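First comes the structure, then the notes that go with it.
We name chains A, B, ... by the order of the sequence lines, and we start the count at 1 in each one. Please read these numbers as outputs of a predicted model, since none were measured by experiment.
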Amino acid sequence: MIHIGIVGAGFIGGVHADRYRRMDGVTVSAVVSPNTAGSFVDDRDLDAAAFSSLDAAIEECDLDAVDVCSPTPTHRDAVETAASSGLDVFCEKPLAPTLDDARAIADAVEANDVTLMAGHVLRFFPDYRAIRDRVADGAIGTPGTARARRHSPFPDWGGDWFADDERSGGVFLDMGIHDFDYLRWLFGDVERVFARRRRWDDRQQGHATLTFESGAVGYVEAGWDRASGTELRSDLELAGDAGTIEYDADEPTPLAVETDADPDVSAPETIARDGYRRELEAFVECVERGAEPPVTVDDAVAAMRVAIAANRSAERGVPVRIAEVEA
Amino acid sequence: MTVRIGVLSTAHLHAEAYVEILDRMDGVELVGVTDGEEARGREFAEEHGTSYREPSALLERIDGAVVCSTNAEHGRWIRAAADAGVAALSEKPLATTVDEAASVANYCADRDVPLGVAMPLRHSQPARRADELLSEGAIGDLRAISGTNRGQMPGGWFVDPDQSGGGAAMDHTVHIVDLIHWLTGERVREVYAETSTRFHDVPVEDVNVLSMELSDGTIFSLDGSWSKPEEWHFWGDATVDLTGTEGTISVDCFAETFAETVDEGPETGIESVFWGDDPNERMLRRFVETVRDDRPPATPAEDGVDAVSVVDAVYESAERSEPVVVDY
């Protein structure tokens, strides 16, 4: 049995706890959060102990790994604490709010010889993964352009920290980073970024033009700009010299049910597009076998540099080369 | 009154659709076509059941002219129409440089001859509904716009820079830029462009990805690349997503299609067939009204000049690899 300690009792912590519960050979033994770990455990009826500090959880529970789901600025402390106890770590995206923190995380992982897997979940969604496989097989030929868009309401579940650029990194670092990482996975390293961003009320939208080292051009649009209560929407288009791929992630409806009685119908797992489950299964396998994680610290840092370049370009009004983003 | 219309040059692909629409339009007499290349014009006339006439003979017999030449030749045909006192609707872009666009606009203004530019998206019904919603304040104040106008590589003179003035940036920037100018009443203030040639072996750019800002600070991105493969199921697309402080509007001008799969005949494969309200037909009907009722053109020449100003800035930005402020 693999014993996991979840750090962070917010939205994503809940998503992960629900997935671990359905997996064999894994259990969440500890939940860590300054104030709300107890209610998190109670609300989900977890067989876990609640802690206000990760040190205490590590001391009292025989953990195998730590899953860091807390707000971005707290990642570094949590990873350093886990790594110094020799525990493998899953860390949500973005890895950190600054490259300094990200490097400290990378150093802690290396110095303690533990495994860190970064939570770039798009790589585990079967649709996005199948598209990547087709591109890798040459279906579209040499890539020319990409257009990836992702919109949601402002994430108001975490208090106010998402609205604070210093803590969340804004919509490029927190939201656009999904597509920055994904497009890097498909098209390779990015050479330069030009970006614009608008903010109003608690909302924002960013547009980033990426020029890859291959010469391909990508466009990433990220928004916390939709009406409250609406669903996350995303779509993707890739064009190469031999073909195109177009995908609207909201479109597939493998099962639609409308009845007078409104029964509780959930889709069978075989058609559930559950990237989180696949992602955490991959992490557990790394913990069990000590394998190289499918998304490394280096991948996470590289995606951060694209997001930081976008932030700087939007501030300065000029294109920013990734090579210049060192700190 | 019957309005007599002629087509000046058949170089542009759109001449075909325009002639078919004009031929069946009430209150319109399609007098014929002319062309700088007589053989091409005669062949076109024969195929479409209309007459070929020498330029001066055609201009003598018509009230309005639709200019379907190469981009580089728009000015020559527009000036000939103006000299004959004939109103003109020019294919877009009005010209390949802003100087020529302004010069031809002035030429018509000086002679008091109406000149409009063919911007069919202003006549797209989803776009017009969006215009109403924007004026009603349905989404609050505008903050961001994301548009697309992709297509297949058109080949022919479109990839000869001497005749077209450039590739995808020349061909696929002005439709959405003009639509946004019209919808918002703002102008593109600044452009950053990434252009290159990656899809086809052609001497002009086929990648055209633009990051712009409007005069009111709205951010505005546009992918106007020739990125759709030969085998694609439609000619291309025209979409704009408008984000405001209180909501969003998504416009897909050619969403109304059905799928058609054909096994036999000259064109096999799967195609999307547009069944919605045809913007070209509305545009041509409006041009006929311009001629008959002395209405100002739907897209006046000065708006066409503004769109070309943005194209100038696109090429300058691509050249300098930095954002460029548009000079109007």
Side-chain angles (χ1 to χ4, degrees), chain A residues 139-147 149 151 171 191-212 214-228 230 233 235 237-246 310 313-314 316-319 321, chain B residues 139-148 150 152-153 168 190-201 205-214 216-233 237 239 241 243-248 250 317 320-323 325:
Chain A
I140 65 165
T142 305
T145 54
R147 185 168 194 259
R149 304 192 298 162
H151 293 270
V171 78
E191 198 270 325
R192 64 179 181 270
V193 179
F194 184 84
R196 301 183 193 272
R197 180 162 71 126
R198 283 306 295 279
R199 308 187 60 163
W200 63 97
D201 308 325
D202 59 0
R203 303 184 185 192
Q204 49 184 299
Q205 186 177 124
H207 298 186
T209 306
L210 320 182
T211 304
F212 291 85
S214 69
V217 178
Y219 169 70
V220 171
E221 182 178 307
W224 288 331
D225 53 2
R226 296 301 147 114
S228 174
T230 57
R233 301 185 61 90
D235 55 51
E237 298 176 15
L238 307 168
D241 64 358
T244 58
I245 288 175
E246 300 158 72
S313 172
R316 297 175 193 166
V318 294
R321 293 162 49 82
Chain B
I139 60 166
D141 297 326
L142 204 53
R143 289 292 182 265
I145 300 170
S146 168
T148 62
R150 278 78 56 93
Q152 292 159 325
M153 195 276 290
E190 184 191 89
V191 181
Y192 176 81
E194 288 286 359
T195 66
S196 60
T197 308
R198 293 189 64 80
F199 299 112
H200 306 279
D201 184 15
E205 75 284 351
D206 54 20
V207 170
N208 175 37
V209 177
L210 308 178
S211 177
M212 298 173 276
E213 188 179 289
L214 298 183
D216 68 352
T218 299
I219 59 176
F220 170 24
S221 296
L222 170 63
D223 183 347
S225 302
W226 287 341
S227 52
K228 295 304 185 192
E230 270 303 302
E231 290 292 323
W232 210 55
H233 57 88
D237 69 359
T239 71
D241 286 1
T243 303
T245 51
E246 290 159 31
T248 58
S250 297
S317 170
R320 286 166 37 188
S321 286
E322 58 185 30
V325 173

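A salt bridge does not link B:Arg143 with A:Asp225: every distance from a Lys NZ or Arg NE/NH1/NH2 to an Asp or Glu carboxylate oxygen is 4.0 Å or more. Taking a cutoff of 4.0 Å between a charged side-chain nitrogen and a carboxylate oxygen, B:Glu190 and A:Arg196 qualify as a salt bridge.
Residues A:His207 and B:Glu213 have side chains not in contact (no heavy-atom distance under 4.5 Å, counting atoms from C-beta outward). In this structure, B:Thr243 and A:Trp200 have side chains that are in contact, with non-hydrogen atoms separated by less than 4.5 Å. Taking the side chain as every heavy atom from C-beta outward, A:Thr142 and B:Arg198 approach each other to under 4.5 Å.
Residue A:Ala208: no heavy atom, backbone or side chain, is found under 4.5 Å from chain B. Heavy atoms closer than 4.5 Å to chain A are found nowhere in B:Ile139, neither backbone nor side chain. Contact of B:Ser196 with chain A is made through the side chain alone, with heavy-atom distances under 4.5 Å. Within the 4.5 angstrom heavy-atom criterion, no atom of A:Ser228 approaches chain B. In this structure, chain A has no heavy atom under 4.5 Å from any part of B:Asp206. Looking at A:Thr211, only its side chain comes within 4.5 Å of chain B, counting heavy atoms on both sides. Contact of A:Arg197 with chain B is made through the backbone alone, with heavy-atom distances under 4.5 Å.
With chain A as partner, the option from B:Gly244, B:Gly140, B:Gly247 having the largest number of non-hydrogen pairs under 4.5 angstrom is B:Gly244. Interface remark: of the candidates B:Thr248, B:Val207, B:Thr148, B:Thr248 forms the most heavy-atom pairs closer than 4.5 Å to chain A.
Looking at every heavy atom in both residues, A:Gly317 comes nearest to B:Pro323 through O-CG, 2.9 Å. In terms of heavy-atom proximity, A:Gly243 sits nearest to B:Pro229 at CA-CG, 3.8 Å. Closest non-hydrogen pair, A:Val217 versus B:Glu194, comes out as CG1-CB, 4.0 Å. Smallest separation of non-hydrogen atoms from A:Pro319 and B:Ser321: CG-O, 3.4 Å. Heavy-atom minimum distance, A:Gly240 versus B:Phe199: O-CD2, 3.3 Å.
With rounding to the nearest 0.5 Å, the separation of CG in B:Asp223 from CD in A:Glu221 is 11.5 Å. Atom CZ of B:Arg150 and atom OG1 of A:Thr145 lie 7.5 Å apart (nearest 0.5 Å). Rounding to the nearest 0.5 Å places CD of A:Glu237 at 7.0 Å from CG of B:Asp237.
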side-chain hydrogen bond (donor to acceptor under 3.5 Å, both in side chains) assessment of B:Ser225 paired with A:Arg147 = CA-CA 11 Å; B:Ser225 302; A:Arg147 185 168 194 259; over 6 Å; no
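Shown here is A:Arg233, whose CZ atom has no more than 12 heavy atoms of other residues, nucleotides or ligands within 6.0 Å.
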